[in-house]
Amino acid sequence: MVRLEGPYRQSQINDYLACPQALLLKLQGTEPQFRSLSQIRGAAIHRMIHGLHEEGLWNSWQLLFEDIWTEEISRTGPPINAAPEEIEREYQDWRTAMENYVEKDHESSILFAELPVRGVLRSRSGREYTVEGIIDQIRPAADGRGYEIYEFKTSATLPALASLQRNIQLCLYCWCAVTGEICVDGQSLPAKDILPGYLRNCVLYKLVNLIPYKRAGRHGDGSKYQAGDLRGDPRICIPVTSDHLVEGAQAIARIIAAIRAGGFFWNPSSLYGGCEACPYKYACGTSLTAKAQSLPAPALKKVV
């Protein structure tokens, strides 16, 4: 039996939410069947933004993007689950997105980037779990009072605001920033002693909004947009409340309890692409379609 011990990383919790059985196969050392283009894109863009802010490579952003994209695409390993023309479209779209990011954010004030955080969750029964993750950026709040957590996303679709307030990843980061420790220059220090003031908001930076529309059309509310227009403000502000933090911490504790109990059952989530997006599906032996076909028909209650 595989037993995953702490500290529990945000990526492991997300993998469990995508499908517990897929996480089990990964922990057992199963080789993935393919590399996801979305994961490659995410890694490249995060490296790009980090290089811009931490190394100040704003004037050479084109060369930086070219080098990082080529390196991520060319890594050895399983094949990428995308055709060459799709990879080329991704390259062109995200090169444009990074050009717009450079224009919009080159003067942004960044307190910390790629900041390791750690915290302790307590379940309702009193059991403690150590969790850790890496926050993309900490920026000062716009009004100068407190700070904001920035999380960059390259996916095109995101859940509604009410769901984002209870997003496991964001809750973990906020909990650690408010109650836990951060790692600065190799030292773990209480976050409250280092971060300025209090946490005001979480900001989800939807980078896909920096890719212009390719043709004219209408938004859902009927308003028009033209080819070349950006897709909207990339910053989605998510208010942080103590109730949401506590609810999120308890939810994460319940997930960790299930992981520790060996609850690696088959449960693919459509939010993460389901079976078709899973690089371990070949070793799983089932899929959403196969599962439905293999289940016996439900017994019908006889009506008297």
Side-chain angles (χ1 to χ4, degrees), residues 10-11 38-75 87 90-118 132-155 169-170 173-174 176-177 181-189 191 193-212 228 230-238:
Q10 171 269 323
S11 59
S38 62
Q39 291 178 336
I40 292 170
R41 173 222 305 154
I45 299 305
H46 276 78
R47 285 182 59 194
M48 174 76 183
I49 292 174
H50 185 68
L52 291 172
H53 289 284
E54 288 297 290
E55 301 176 36
L57 301 175
W58 299 96
N59 293 329
S60 56
W61 71 266
Q62 300 98 326
L63 181 59
L64 178 65
F65 179 79
E66 181 71 31
D67 288 346
I68 290 176
W69 186 271
T70 301
E71 183 178 330
E72 291 293 339
I73 290 291
S74 304
R75 289 187 186 277
I87 297 173
E90 287 275 308
Y91 168 81
Q92 296 296 340
D93 283 346
W94 287 98
R95 189 181 187 281
T96 302
M98 288 298 95
E99 181 178 12
N100 288 320
Y101 182 85
V102 168
E103 180 180 345
K104 286 177 171 293
D105 278 75
H106 71 280
E107 294 183 353
S108 297
S109 177
I110 309 297
L111 299 174
F112 297 98
E114 299 293 320
L115 180 66
V117 294
R118 178 176 286 205
E132 61 184 16
I134 299 178
I135 296 175
D136 286 341
Q137 287 182 2
I138 301 285
R139 297 189 183 187
D143 60 6
R145 296 183 298 171
Y147 63 94
E148 296 177 328
I149 288 176
Y150 268 62
E151 177 66 16
F152 294 96
K153 293 295 183 184
T154 62
S155 54
Q169 181 180 15
L170 299 182
Y173 290 163
C174 291
C176 292
E181 298 178 330
I182 62 176
C183 183
V184 180
D185 297 329
Q187 287 187 305
S188 291
L189 304 168
D193 294 344
I194 306 300
L195 300 179
Y198 58 96
L199 175 60
R200 297 291 301 277
N201 299 295
C202 229
V203 177
L204 206 63
Y205 199 112
K206 190 177 179 182
L207 289 157
V208 74
N209 281 9
L210 300 181
I211 300 175
L230 295 185
R231 298 168 187 264
D233 189 346
R235 296 174 178 85
I236 301 173
C237 187
I238 305 166

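Side-chain atoms are counted along with the backbone in the values below, which use heavy atoms only and exclude waters and symmetry mates. Along the sequence shown, residues are numbered consecutively beginning with 1.
Taking CD of E66 as the reference point, atom CH2 of W61 lies at 10.5 Å (rounded to 0.5 Å). Distance check: I138 CD1 to I182 CD1 gives 7.5 Å after rounding to the nearest 0.5 Å. Rounding to the nearest 0.5 Å gives a distance of 8.0 Å between CG of N209 and CG of L230. The distance from atom CZ of R95 to atom CG of N100, rounded to the nearest 0.5 Å, is 11.5 Å. For the atom pair CD (E181) and CG (L189), the distance works out to 7.5 Å, reported to the nearest 0.5 Å.
With sequence neighbours left out, the ring pair (Phe, Tyr, Trp, His ring centres under 6.0 Å) criterion links F65 to W69, Y91. By the salt bridge (Lys or Arg N to Asp or Glu O under 4.0 Å) test, K153 is found to be paired with E151, residues two or more places apart in sequence or in another chain being considered. Residues satisfying the side-chain hydrogen bond (donor to acceptor under 3.5 Å, both in side chains) test with R231, not counting sequence neighbours, are none. Applying the ring pair (Phe, Tyr, Trp, His ring centres under 6.0 Å) rule to Y205 yields the partners Y101, F152; only residues at least two apart in sequence or on another chain are considered. Residues satisfying the side-chain hydrogen bond (donor to acceptor under 3.5 Å, both in side chains) test with Q187, not counting sequence neighbours, are none. Residues satisfying the side-chain hydrogen bond (donor to acceptor under 3.5 Å, both in side chains) test with D93, not counting sequence neighbours, are K214. Taking the side-chain contact (heavy atoms from CB on, under 4.5 Å) definition, one finds that D143 meets it with A141, R145, R200, sequence neighbours left out. In this view, S60 and L57 satisfy the side-chain contact (heavy atoms from CB on, under 4.5 Å) rule, not counting sequence neighbours. Every residue two or more places apart in sequence or in another chain that forms a side-chain contact (heavy atoms from CB on, under 4.5 Å) with S11 is listed here: R9. Residues that satisfy the salt bridge (Lys or Arg N to Asp or Glu O under 4.0 Å) test with E90, not counting sequence neighbours, are R41. E71 is linked by a salt bridge (Lys or Arg N to Asp or Glu O under 4.0 Å) to R47, R75, counting only residues two or more places apart in sequence or in another chain.
One N or O on the side chain of Y173 and one on the backbone of I134 form a donor-acceptor pair closer than 3.5 Å. Judged by distance alone, with hydrogens and angles left aside, the side-chain atoms of H50 form no donor-acceptor pair with the main-chain N or O of H46 at under 3.5 Å.
Closest approach of I211 to A97, counting heavy atoms only: CG1-CB, 3.7 Å. In plain terms, the two heavy atoms of P234 and L210 that are nearest each other are CG-CD2, 4.0 Å. Taking each heavy atom of G228 and P212 in turn, the nearest pair found is O-CB, 3.5 Å.
The side-chain heavy atoms of I49 and L207, taken from C-beta on, include a pair separated by under 4.5 Å. Side-chain contact between I149 and L199: present, with at least one pair of heavy atoms (C-beta onward) separated by less than 4.5 Å.
When the options L204, V203, N201 are evaluated for a side chain to side chain contact (heavy atoms under 4.5 Å, CB included) with R235, the one that passes is V203.
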Give the table of side-chain donor-acceptor pairs shorter than 3.5 Å for residues 107-116, with sequence neighbours excluded, one pair per line with atom names and distance.
unit_1 : atom_1 : unit_2 : atom_2 : d
S108   : OG     : D105   : O      : 3.3
S108   : OG     : D105   : OD2    : 3.1
S108   : OG     : R139   : NH1    : 3.4

